[in-house]
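Note: hydrogens, waters and symmetry copies are ignored here, and every other heavy atom, side chains too, is used. Numbers here simply count residues along the sequence, with the first being 1. Predicted, not measured: the structure shown is a model, and the values here were computed from it.
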Amino acid sequence: MSDSDTGSGTPPTAAPDRVSGDAAVGPEAVSGGAALPAEALRIAAGYAFAGPALDLGALLWDGRCLPDAQIRIPLPMLNRHGLVAGATGTGKTKTLQLIAEQLSAQGVPVFLADVKGDMSGISEPGVPQEKVRARAQELHQAWTPAGCPAEFLALGGLGHGIPVRATVTSFGPVLLSKVLQLNRTQEQSLGLIFHYADRKGLELVDLKDLRAVVAFLGSDEGKQELTGIGGLSTATAGVILRSITAFEAQGMSPFFGEPEFDTGALLRTAPDGRGLVSVLELPEVQDRPQLFSTFLMWMLADLFHDLPEVGDADRPKLVFFFDEAHLLFSGASKAFLESITQTVRLIRSKGVGVFFVTQTPKDVPADVLAQLGNRVQHALRAFTPDDQKALKATVRTFPDSGYDLEEVLTALGIGEAVVTVLSEKGAPTPVAATRLRAPRSLMGPVDAAALDRAARESSLYGRYAQAVDRESAYEKLTAQEAARARAAAEVEPSPGRTPAKGGPKKETSVVEQVVTSGVFKSLARSVGTQIGREITRSLFGTARRRR
């Protein structure tokens, strides 16, 4: 939320539970509750939770803020996923910050994607200002400055933070097809290439490994390798190779490689018991939206693979905020959308909550939106026919209420939102127009030097700072090329001998030398009995690894 706010003409309110400071406790008696309108009492009663909860703010009614009617989210329901939406500049980022710092205070780790570079302030105490004090007083919020234990990550080491990399093998063909912008046929062909590499033990660590295997399978001899499981046309192999080359030319290589980031590190807590807030700094790659949005999905899928089932826990293991969510779904294939839907549906039982952050609910496919039980909808604008259409579509995604939501959503001020969440019993709460609390941490970025210092002081820095290029598919193919060249040299005719009929032998290409090598064939067959056959793939075709 911004330091500035305005009132909004909104419907009735009521008075549920009061909380002590910023830590949610059980409800207390509501003074003056009987004087509230009946509809306001009904709304307030829907948020009177007995167990631990996060405080969002106070109910708005007729342009007035009613601090006795606190709007909250039950802590156990945070793994039922959520949506934070609203037009640019309405306060979505500060809402994330407000929720994240309260989760951290209750011992729940948080992951945040910082696309614009303004979330790093969560690590520092906020600055007392008159507008902040006025809002806190209005909401009966005991506001004191406080930062959160935070760790900063950087995709591929570009920017400020601990480098986050993934191997091509673990990224999988579906996610990689998304960033390479392949069509459905090419995506299926890439899946076949991954299957072959897995079966033959050709480790795909970085992009040059993938390029080498695609080149082999696009050759005449390589096609024979795929006879029993399908084929790879020369045209499709060429498209994939060109896509990889163009991808590398855009500077994407640093994101793939080793050491691969262990997403289990996101589940840590600080020594004082607070949840660690992991902030992925993305300003350096915000011009590559398909890359960073797909990498976020890889992190979520990787967590899904490794975490055990926990069922309904009293608190989430992790809450994952997926910013700029519309970029993930834009242009996605059917297989990609199906995999997202399945991941979101199943990861709840592993204790992970996912919040998608975007401008309107229509940015999220219906099958995914149906699984998002907690909603914080900031203001929408209706300046154009498309805006008006999006507004009407948004209203239809909310439960029935006594509000004229079309009017309310266009009248909300900065730092105000329409809220509905899941109660402790799993039922939707009444829709509530809410004035949101002020975050206690710094509402702005910290400087680059502080980010670099925090990264170097992290216990993870020594493990991930330096990239490693070990022997993998490319190196194996290169070694076989050298062996093939030596073998050819040994059979060259001695000086003075007459060359064979037909003139000098045409020089073979590097790929031809490699793929026709008997040593290479032997290697490919033998390593297939080793780690390659241990790779299994799940959602998105991502590899399931042993930690």
Side-chain angles (χ1 to χ4, degrees), residues 165-219 222-234 236-245 247-248 252-253 255-258 260 291 294-295 297-299 301-302 304-305 332-336 338-340 342-343 470-477 511 515 523-525 527-546:
R165 306 179 187 89
T167 64
V168 170
T169 282
S170 72
F171 209 72
V174 178
L175 289 174
L176 193 60
S177 294
K178 180 73 162 61
V179 297
L180 293 178
Q181 302 182 50
L182 303 181
N183 63 29
R184 177 60 173 160
T185 299
Q186 293 154 2
E187 177 184 308
Q188 292 173 335
S189 296
L190 189 61
L192 190 63
I193 292 166
F194 271 71
H195 172 75
Y196 176 81
D198 291 349
R199 189 163 55 90
K200 295 299 185 180
L202 297 173
E203 302 95 327
L204 303 176
V205 174
D206 50 28
L207 292 175
K208 67 179 184 296
D209 291 324
L210 179 61
R211 194 179 345 103
V213 175
V214 175
F216 164 56
L217 292 178
S219 67
K223 290 177 183 177
Q224 298 176 13
E225 292 283 316
L226 298 178
T227 301
I229 55 174
L232 178 67
S233 71
T234 302
T236 299
V239 169
I240 294 173
L241 281 172
R242 288 193 296 273
S243 297
I244 296 170
T245 301
F247 193 62
E248 290 177 302
M252 305 301 191
S253 293
F255 307 112
F256 295 93
E258 292 181 322
E260 182 172 71
L291 176 70
T294 310
F295 245 89
M297 199 67 234
W298 168 76
M299 298 178 82
D302 196 66
F304 174 81
H305 291 166
S333 68
K334 181 180 179 182
F336 189 82
E338 288 173 349
S339 296
I340 292 175
Q342 189 176 5
T343 301
R470 67 178 174 90
E471 184 184 53
S472 49
Y474 174 81
E475 286 75 18
K476 290 177 180 178
L477 293 176
V511 172
V515 301
L523 172 71
R525 293 190 185 99
V527 295
T529 63
Q530 302 171 15
I531 64 170
R533 288 181 180 170
E534 296 179 6
I535 297 176
T536 57
R537 295 189 175 275
S538 185
L539 298 176
F540 297 102
T542 49
R544 305 191 65 175
R545 298 168 296 151
R546 296 175 181 174

Verify, without hydrogens or angle tests, whether [X] (side chain) and [Y] (backbone) share a donor-acceptor contact under 3.5 angstrom.
X	Y	answer
D198	H195	no
Q186	N183	yes
D206	D209	yes
T236	S233	no

So, do [X] and [Y] sit near enough that their side-chain heavy atoms are less than 4.5 Å apart?
X	Y	value
V179	M252	no
R470	E203	yes
V168	F194	yes
L175	T542	yes

Between L190 and the options T185, L210, I244, V174, the side-chain contact (heavy atoms from CB on, under 4.5 Å) test singles out L210

Enter the distance from [X]:[atom1] to [Y]:[atom2] here, rounded to the nearest 0.5 Å.
X	Y	atom1	atom2	answer
F336	E187	CZ	CD	9.0 Å
S170	W298	OG	CH2	5.0 Å
R184	S189	CZ	OG	10.5 Å
L232	I193	CG	CD1	5.0 Å
T343	D302	OG1	CG	11.5 Å

Identify the two heavy atoms, one from [X] and one from [Y], that lie closest to each other, and give their separation to 0.1 Å.
X	Y	answer
L202	Y196	CD1-CE2, 4.2 Å
K178	T294	CG-OG1, 3.5 Å
G218	A237	CA-CB, 4.0 Å

Return the orientation label for the F256 and F171 ring planes: parallel under 30°, perpendicular over 60°, tilted otherwise.
perpendicular

Pair E475, S472: side-chain N/O donor-acceptor within cut-off below 3.5 Å: yes

- Task: Check the surroundings of atom OH in Y474: do more than 12 heavy atoms from other residues, nucleotides or ligands lie under 6.0 Å from it?
- Result: no

